[in-house]
Structure formats: structure tokens, C-alpha cells
Amino acid sequence: MRGVVMYTAGDVRVEEREDPKIIEPTDAIVKLTATCICGSDLWPYRGIEPADHTLMGHEYVGLVEEVGAAVKTVKPGDFVVGSFVISDNTCEICQAGFQSKCVHAEFVHAGIGTQAEKARIPLADGTLVATPGQPDPELIPALLAASDVLGTGWFAAVAAQAGPGKTVAVVGDGAVGLMAVLAAKQLGAERIIAMSRHPERQKLARYYGATDIVEERGEEGIAKIKELTNGLGAHSVIEAVGTQESFMQAVGATRGGGHLGYVGVNYDVSIPGIELFFAGIHTLGGPAPVRRFLPDLIQLIWDREIDPGKVFDLTLPLDQAAEGYKAMDERRATKVLLAL
């Protein structure tokens with residue numbers, strides 16, 4: 001089969017890889033229908049994470065081709081959406097709703113790599129969720145978004161306790177930030193402030209429910225959020241970037257007693273303890289437990305109540321994955337769908 005391999009930073013290739021096979025009785029083999037490039041894939045692309053013949057990709061939808069003898073919840077022919085973290089969905093931590101910290105957690109990135117034609121998914125019962133039937137082609141981008149960016153944005157909004165009567169500020173206008181806007185809207189937020197300088201992304205943020213756009217950054221961005229909230233800051237703030245500036249901007253924009261949900265992969269972010277201490281805020285974040293939300297998100301997409309698929313603004317064949325990485329790195333694309 002063909003699959004994406006990152007030899008080293010900036011060197012993305014599509015090459016022949018061995019077809020996956022059932023190894024454990026809890027495995028499933030999925031023939032992928034679509035996959036995509038994530039903003040977090042840019043970390044190794046830019047040399048911030050190591051890359052050495054790394055199998056790329058962790059977002060995926062497709063048809064189950066084969067299952068191990070112990071798999072009970074999906075069967076060959078089912079169309080499935082999977083989380084970017086493998087989980088058993090039965091351990092105490094999974095049952096508490098934090099499947100991304102499952103005692104058997106394994107990241108799909110690198111070890112499995114789903115920017116490929118097929119993938120072996122371990123712990124299939126705890127990781128994959130079947131759709132109610134075979135989806136119409138126009139639903140596939142939306143279902144693919146549920147595999148990571150929608151679930152991650154949703155977790156960020158839940159972690160920030162977005163809801164009725166709340167003002168939500170979203171730091172970051174990438175795919176996850178846009179999905180957080182969608183989630184905040186669905187959760188009933190009264191006001192949603194999207195922080196963005198990109199006209200096309202501002203337009204999409206408004207489509208998903210943003211009521212205000214703030215272009216300022218850093219201390220100026222914090223001041224603008226406070227100006228819009230009677231000097232108090234937002235009740236709920238979502239950090240969806242992962243840089244020093246964005247994280248501290250998110251902390252500063254959260255009102256005393258407010259909630260910060262952080263899902264940006266925060267390499268090299270140092271939070272001065274004294275600033276966090278005197279901020280007096282609640283914080284929750286990390287790798288999103290997408291599996292917790294998948295059944296409900298799939299149903300919302302299936303019923304056409306939400307359309308997260310609009311976050312894909314460039315579609316390329318798998319063979320042109322290198323161009324997709326380049327387009328996202330240069331911010332010419334928000335999120336790239338790789339067609340199979």
C-alpha cells in the first residue's frame with residue numbers, strides 16, 4: 001500500500017509500505033476512505049519534533065476490512081471513525097472520560113500512521129465507532145474532522161465550560177480553533193470571540209458562530225478582550241495554538257474564576273508560576289479524549305446539524321501529500337484533506 005513517510009524535517013514522501021495485518025485479536029484493519037494533515041504534523045515538519053522515517057497521520061475514516069477474533073462492536077463492511085489515540089474504553093480512566101490517558105493509550109501518529117491506504121487499529125472496540133450506515137460522499141469530510149480537530153475543539157470548549165450565558169474567547173484560528181468556535185456555539189455560548197487576523201478564517205469563524213473578531217495579539221489582545229467584557233475577561237477561554245505568546249494571551253484573557261481549556265501542543269511554553277497563581281483561574285487540557293465525544297459528534301454530523309467538513313479548504317490526492325504539508329506550513333491552507 002501507499003503511505004506518507006517523513007524522512008526528516010521538511011522531507012515528506014509517499015512510498016510503498018507493507019500492508020497491515022491482524023496481529024492481536026483486538027485489532028481491526030481499516031481501508032481508509034479519507035485522511036488529512038493536522039496542524040500538529042507541522043511540528044516534525046518544522047524540526048521541532050524529531051522525524052526519522054516517521055509514519056505520518058492520525059486522522060482517519062474508512063471501511064472495516066477485517067477484524068480480530070475478539071472484536072465485538074465493529075465488523076467488516078462497517079464505515080468507522082477512529083480517535084487519534086488508541087484506547088480500550090474500559091479502564092477506570094477511560095470510564096472517567098479521559099480516553100486519551102487510557103492505561104493502554106497509544107498514539108496513532110508514528111506507530112501506525114494513517115496517511116495511508118490502510119491501517120491496523122489496535123483495541124478496535126475501544127477506538128473505532130461505526131456510523132449509522134454508509135455515509136453519503138458529502139458527509140465524509142465532516143466525519144473525518146470528528147477524528148481529531150472537531151473532537152479536540154469540542155473537548156477544549158467543554159474544558160473551558162462554554163455554555164449558556166458565557167462569553168468564550170478562542171485563541172487560534174486554525175482548524176482546532178474554528179472547531180472550538182463551532183463547539184462553543186453548539187454548547188449554547190452567548191458570545192464567542194474569535195482571535196484571528198486571517199480574512200478567510202474570520203469568515204469561517206463567523207459561519208460557525210463567532211459574534212466578534214479580535215485581530216490584536218499579546219497584551220493588546222488581552223486588553224481588547226477585557227474591553228469587550230467590561231474589564232473582566234472572558235468566562236471561558238480556549239487556547240488552540242501552543243506558543244508562548246498564545247498561551248499567556250489565553251491566561252490573561254480569562255477572568256478571575258474563569259476556565260481555560262488548552263489543546264494547542266505547547267512545545268517550549270513556560271508558564272511563570274506566579275502569573276498562574278495570581279490569575280486565579282481553572283485550567284484543563286492536553287490531548288483530547290476524542291473517543292468520549294465520537295458517538296454524539298457522529299450523530300450530529302449524520303443528522304446534518306453541524307458541518308465541520310468546511311474546515312478543509314484544500315483537497316489533494318495522497319500522492320501530493322508533500323504539497324499539502326507545504327501549503328499548511330505556509331498558511332495557504334487551513335487544513336488539507338488527502339483523498340484516497
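In this chain, residues are counted from 1 in sequence order. Just the heavy atoms: all of them, side chains too, but no hydrogens, waters or symmetry mates, feed the values below.
Side-chain atoms of His198 and Asp173 form no donor-acceptor pair, as typed in the model, at a separation below 3.5 Å. No side-chain donor from either of Thr127 and Arg291 sits under 3.5 Å from a side-chain acceptor of the other. Side-chain contact, Gln99 with Asn89: a donor N or O sits under 3.5 Å from an acceptor N or O. Using modelled atom types and a 3.5 Å distance limit, the side chains of Glu15 and Tyr7 yield a donor-acceptor pair. Between the side chains of Gln115 and Glu59, no donor-acceptor pair is found at a separation under 3.5 Å. Inspection of the Ser246 and Glu239 side chains reveals an N or O donor paired with an N or O acceptor under 3.5 Å.
If you run side-chain contact (heavy atoms from CB on, under 4.5 Å) between Trp154 and each of Leu182, Val290, Val176, Val263, only Leu182 comes through.
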Show your working on side-chain contact (heavy atoms from CB on, under 4.5 Å) between Ile29 and Ile121 and close with a plain yes or no.
CA-CA 6 Å; Ile29 305 299; Ile121 304 301; over 6 Å; no
Take Asp136 and Arg304, measure what side-chain contact (heavy atoms from CB on, under 4.5 Å) needs, and give me the verdict at the end.
CA-CA 11 Å; Asp136 294 332; Arg304 291 170 168 77; 3.0 Å; yes
Could you walk me through whether Lys224 and Glu216 pass the salt bridge (Lys or Arg N to Asp or Glu O under 4.0 Å) check?
CA-CA 7 Å; Lys224 188 65 177 178; Glu216 291 85 351; 5.0 Å; no
Stepwise side-chain contact (heavy atoms from CB on, under 4.5 Å) check, Val80 with Val61
CA-CA 6 Å; Val80 293; Val61 296; over 6 Å; no
Taking it one step at a time, do Asp11 and Arg13 satisfy salt bridge (Lys or Arg N to Asp or Glu O under 4.0 Å)?
CA-CA 7 Å; Asp11 185 359; Arg13 308 183 195 183; 2.9 Å; yes
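Rounding to the nearest 0.5 angstrom, the gap separating the CD1 atom in Ile222 from the NZ atom in Lys226 is 7.0 Å.
A cation-pi geometry, defined here as NZ or CZ lying under 6.0 Å from the six-membered ring centre and within 45° of its normal, holds between Arg292 and Phe98. By the 6.0 Å and 45° rule, Lys310 stacks over the aromatic ring of Tyr207.
Lys31 and Glu65 are not joined by a salt bridge, as no carboxylate oxygen comes within less than 4.0 angstrom of a charged side-chain nitrogen. With respect to the salt-bridge test (charged N to carboxylate O, under 4.0 angstrom), the residues Asp125 and Lys72 do not qualify. Note on Arg191 versus Asp212: salt bridge recorded, some NZ/NE/NH1/NH2 to OD/OE distance being below 4.0 Å.
Taking hydrophobic clusters as Ile, Leu, Val, Met, Phe, Trp and Tyr residues chained together by side-chain heavy-atom distances below 4.5 Å, Leu150 does not share a cluster with Val108.
In the displayed structure, Glu18 atom CD is contacted under 6.0 Å by at most 12 heavy atoms of other residues, nucleotides or ligands. Residue Gln134 qualifies as enclosed at atom CD: its count of foreign heavy atoms under 6.0 Å is above 12. The number of heavy atoms from other shown groups lying within 6.0 Å of CD (Gln244) is above 12. Atom CD of Glu92 sits in a sparse spot, with 12 or fewer heavy atoms from other residues, nucleotides or ligands closer than 6.0 Å.
Side chains of Ile238 and Val168 form a contact here, defined as non-hydrogen atoms less than 4.5 Å apart.
In this structure, Phe155 and Phe293 have tilted ring planes: the angle between them lies in the 30° to 60° band.
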